[in-house]
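Since the structure comes first, as structure tokens, the remarks are kept for the end.
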Amino acid sequence: QVQLVESGGGLVQAGGSLRLSCAASGGTFSSYTMGWFRQAPGKEREFVAAMSWSAGRTYYADFVKGRVTISRDNAKNTVYLQMNSLKPEDTAEYYCAARGGSNGYSAAGRYAYWGQGTQVTVSS
């Protein structure tokens with residue numbers, strides 16, 4: 001059974017940085033696409049970034065381009081989301097997700113596996 005466990009969230013001042021981690025287990029992730037999504041109170045879950053595990057191809061939402069980097073550590077089966085120049089509007093619960101294939105990488109409904117989420121709060 002695939003399990004995803006996020007960590008690294010917290011409280012940070014505007015302009016600061018955080019690195020989120022997603023430890024993956026229970027699957028063969030070389031054929032997976034790993035994604036990060038976020039959901040703020042009262043809003044829909046939205047795509048942040050994704051990476052095809054084997055090819056290392058990355059995808060980003062327009063609102064995070066230049067501020068966020070998704071990466072992976074094959075040896076640790078872990079995906080990271082490095083977030084810089086954080087803004088108060090980045091405040092949300094951040095979720096790691098995994099799926100086979102990469103078509104429609106930004107669609108939450110295409111992801112089969114989800115972590116429990118980690119809270120990111122950016123103060124102004």
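Values reported hereafter were calculated over all heavy atoms of this structure, with side chains retained and with hydrogens, waters and symmetry mates removed. In what follows, residues are counted from 1 in the order of the sequence shown.
Hydrophobic clustering (ILVMFWY, side-chain heavy atoms < 4.5 Å, transitive): Y105 and V79 are in distinct clusters. V2 and Y95 are not part of a single hydrophobic cluster, where members link through side-chain heavy atoms under 4.5 Å apart. Hydrophobic clustering places M34 together with Y113 (ILVMFWY residues linked when any side-chain heavy atoms are closer than 4.5 Å, directly or through intermediates). Cluster annotation: L20 is connected to Y32 through the hydrophobic network of ILVMFWY side chains, with a link wherever side-chain heavy atoms come within less than 4.5 Å.
In this structure, the side chain to side chain donor-acceptor pair (under 3.5 Å) partners of W53, at least two apart in sequence or on a different chain, are N74. Taking the side chain to side chain donor-acceptor pair (under 3.5 Å) definition, one finds that Q82 meets it with N84, sequence neighbours left out. Under the side chain to side chain donor-acceptor pair (under 3.5 Å) criterion, S71 pairs with no residue at all, not counting sequence neighbours. In this structure, R110 has no salt bridge (Lys or Arg N to Asp or Glu O under 4.0 Å) partners at least two apart in sequence or on a different chain. For F63, there are no ring-ring contact (aromatic ring centres under 6.0 Å, His included) partners, not counting sequence neighbours. For T58, the side chain to side chain contact (heavy atoms under 4.5 Å, CB included) partners are M51, Y60, I70, not counting sequence neighbours. Residues forming a side chain to side chain contact (heavy atoms under 4.5 Å, CB included) with S31 (at least two apart in sequence, or on another chain): none. A search for side chain to side chain contact (heavy atoms under 4.5 Å, CB included) contacts involving V5 returns Q116, not counting sequence neighbours. Residues satisfying the side chain to side chain contact (heavy atoms under 4.5 Å, CB included) test with S54, not counting sequence neighbours, are none.
Sorted pairs that involve residues 70-79 and meet salt bridge (charged side-chain N to carboxylate O under 4.0 Å, His left out), not counting sequence neighbours, are lacking altogether.
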**Report entry** Stepwise side-chain contact (heavy atoms from CB on, under 4.5 Å) check, Y80 with C22
**Finding:** CA-CA 6 Å; Y80 303 99; C22 172; over 6 Å; no
What donor-acceptor contacts under 3.5 angstrom involve side-chain atoms of residues 38-48, with partners at least two apart or in another chain?
from: R38; atom 1: NE; to: E46; atom 2: OE2; distance (Å): 2.7
from: R38; atom 1: NH1; to: D90; atom 2: OD1; distance (Å): 2.9
from: R38; atom 1: NH1; to: Y94; atom 2: OH; distance (Å): 3.0
from: R38; atom 1: NH2; to: E46; atom 2: OE2; distance (Å): 3.1
from: Q39; atom 1: OE1; to: R45; atom 2: NE; distance (Å): 3.3
from: Q39; atom 1: OE1; to: R45; atom 2: NH2; distance (Å): 3.4
from: Q39; atom 1: NE2; to: K43; atom 2: O; distance (Å): 3.1

Counting only pairs under 3.5 Å, give me each side-chain donor-acceptor contact of residues 23-30, with atom names and distances, residues two or more places apart or in other chains.
none

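The environment of CD in E89 is crowded: more than 12 heavy-atom neighbours from other residues, nucleotides or ligands sit within 6.0 Å.
Put simply, the side chain of T121 never gets that close to the backbone of T91: no donor and acceptor are under 3.5 Å apart. In this structure, the side chain of R99 does not engage the main chain of T33 through any donor-acceptor pair within 3.5 Å.
Of the listed residues (V120, T118, T69, V68), just one forms a side chain to side chain contact (heavy atoms under 4.5 Å, CB included) with L81, and that residue is V68.
The two residues G35 and Y111 have their closest heavy-atom pair at N-CE2, 3.7 Å.
Separating the NZ atom in K65 from the CZ atom in R67 is a distance of 13.0 Å, to the nearest 0.5 Å. To the nearest 0.5 angstrom, Y59 atom OH is 10.5 Å from S106 atom OG.
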